[in-house]
Amino acid sequence: MAPRGRRVLQFTRRRDLQIRVFRNSAAYLGRPTETPDLIHLTPENSRRLRALAAWFSLTAYGRDGHREIVERNMATARALGDRLSADPRWRLLAPVRLNVVCFTVADDPAPGRIDHIVKTVASGGDLFVTPTVLNGTPALRAAFSNWRTTPDHLDRIVSALNAAL
């Protein structure tokens with residue numbers, strides 16, 4: 001990161017490789033063109049010091065602490081997947097392999113209905129699901145990554161989803 005007011009120069013013989021390495025693939029940013037903007041050419045999209053939060057977290061929890069957080073989030077995602085699979089109102093769209101659960105409404109997964117569920121769940125202030133589309137089916141995505149989330153939260157999560165439904 002360059003200090004404010006300073007310019008950074010970058011030289012490369014392989015612009016194609018630079019774009020492949022640094023390309024940001026978020027849909028809202030667009031695809032790189034023949035003359036891509038800096039978002040697709042440099043390692044940072046902003047001037048935040050992103051590494052600082054990671055350093056603090058590693059210092060506070062260490063390797064074992066991070067392992068426990070990751071394993072707990074994966075277990076919570078699997079448990080949510082199991083709960084939703086057992087409920088005929090919901091349908092899993094993909095196996096739960098890591099910390100993400102992709103699911104939809106079993107009887108009518110219309111985009112408007114998915115959006116209503118997203119907004120209703122978010123209105124509580126402590127839960128959040130995102131809309132997505134998987135193989136053409138409008139769906140919901142629950143990703144577990146918060147260090148404070150535990151399997152004890154499952155009842156509240158499922159209750160909020162069912163109430164929104």
Side-chain angles (χ1 to χ4, degrees), residues 1 20-31 38-40 42-165:
M1 184 169 78
R20 281 190 8 219
V21 169
F22 295 121
R23 177 180 164 204
N24 193 318
S25 62
Y28 61 89
L29 294 175
R31 298 182 60 79
L38 291 177
I39 274 183
H40 299 292
T42 60
E44 289 292 329
N45 286 347
S46 68
R47 298 214 175 254
R48 278 187 13 205
L49 179 55
R50 294 179 184 174
L52 187 60
W55 182 82
F56 278 131
S57 179
L58 285 169
T59 300
Y61 297 102
R63 182 187 303 183
D64 292 338
H66 273 267
R67 179 182 300 117
E68 189 277 327
I69 292 167
V70 169
E71 289 172 353
R72 179 171 16 98
N73 281 316
M74 290 170 50
T76 305
R78 282 192 302 272
L80 178 61
D82 292 344
R83 298 267 301 262
L84 294 173
S85 292
D87 188 328
R89 296 173 290 182
W90 301 102
R91 179 169 54 105
L92 280 184
L93 294 179
V96 180
R97 300 209 192 283
L98 294 171
N99 67 320
V100 176
V101 184
C102 187
F103 61 103
T104 194
V105 180
D107 63 348
D108 181 24
R113 195 165 185 201
I114 297 297
D115 289 342
H116 169 76
I117 294 168
V118 168
K119 289 175 186 166
T120 304
V121 168
S123 69
D126 61 344
L127 301 173
F128 187 73
V129 292
T130 56
T132 190
V133 176
L134 184 61
N135 299 325
T137 302
L140 296 158
R141 183 181 169 276
F144 293 87
S145 58
N146 190 296
W147 62 275
R148 295 179 297 177
T149 302
T150 69
D152 297 336
H153 293 105
L154 281 175
D155 288 337
R156 190 167 46 166
I157 294 166
V158 172
S159 293
L161 287 168
N162 289 336
L165 186 61

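This structure is a prediction, so every number in the text was calculated from the model and none was measured.
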Notebook entry, point to check: Between the side chain of Ser57 and the main-chain N/O of Ala54, is any donor-acceptor distance below 3.5 Å?
Noted result: no
Check: Measuring from Ser145:OG to Asn73:CG, what's the distance to the nearest 0.5 Å?
Finding: 6.5 Å
Next item on the list: May I ask you to test the Leu80-Ile157 pair for a side-chain heavy-atom distance under 4.5 Å?
Entry: yes
Checklist line | Contact check, side chains of Arg67 and Asp64, non-hydrogen atoms, under 4.5 Å | finding: yes
Note to self: Would the distance check show the side chain of Arg141 and the main-chain N or O of Val100 forming a donor-acceptor pair, the cut-off being under 3.5 Å?
What the structure shows: no
Notebook entry, point to check: Can Asn162 and Trp90 be counted as having a side-chain donor-acceptor contact under 3.5 angstrom?
Noted result: yes
Notebook entry, point to check: Which pair of non-hydrogen atoms, one from Pro109 and one from Thr104, has the smallest distance, and what is that distance?
Noted result: CB-OG1, 3.0 Å
Margin query: Looking at every heavy atom in both Thr150 and Thr76, which two are closest together, and how far apart are they?
Written below: C-OG1, 3.8 Å
Check: What distance separates Leu92 CG from Leu134 CG, expressed to the nearest 0.5 Å?
Finding: 11.0 Å
Notebook entry, point to check: Is there a side-chain contact between Arg83 and Asp155, using heavy atoms and a 4.5 Å cut-off?
Noted result: yes
Check: Which heavy atom of Ala106 sits nearest a heavy atom of Pro88, and at what distance?
Finding: CB-O, 3.2 Å
Check: Side chains of Thr130 and Leu140: does their closest heavy-atom pair fall under 4.5 Å?
Finding: no
Notebook entry, point to check: What pair of heavy atoms forms the shortest contact from Ile114 to Ala139, and how long is it?
Noted result: CG2-O, 3.3 Å
Check: Any side-chain heavy atom of Arg89 sitting closer than 4.5 Å to one from Leu161?
Finding: no
Notebook entry, point to check: For Phe144, does its backbone N or O pair with a side-chain atom of Asn99 as donor and acceptor, under 3.5 Å?
Noted result: yes
Next item on the list: Decide if atom CG of Asp108 counts as having more than 12 heavy atoms of other residues, nucleotides or ligands within a radius under 6.0 Å.
Entry: yes
Margin query: Using every non-hydrogen atom in the two residues, find where His153 and Arg148 come nearest and quote the distance to one decimal.
Written below: CE1-O, 3.3 Å
Next item on the list: For the pair His66 and Tyr61, name the ring-plane relationship: parallel under 30°, tilted 30 to 60°, perpendicular over 60°.
Entry: perpendicular
Check: Between Ala79 and Leu154, what is the shortest heavy-atom contact and its length?
Finding: CB-CD1, 3.2 Å
Margin query: Could you check whether any side-chain N or O of Arg91 sits under 3.5 Å from a backbone N or O of Asp107, counting only pairs where one atom can act as donor and the other as acceptor?
Written below: no
Check: Is any side-chain heavy atom of Pro151 closer than 4.5 Å to a side-chain heavy atom of Arg72?
Finding: yes
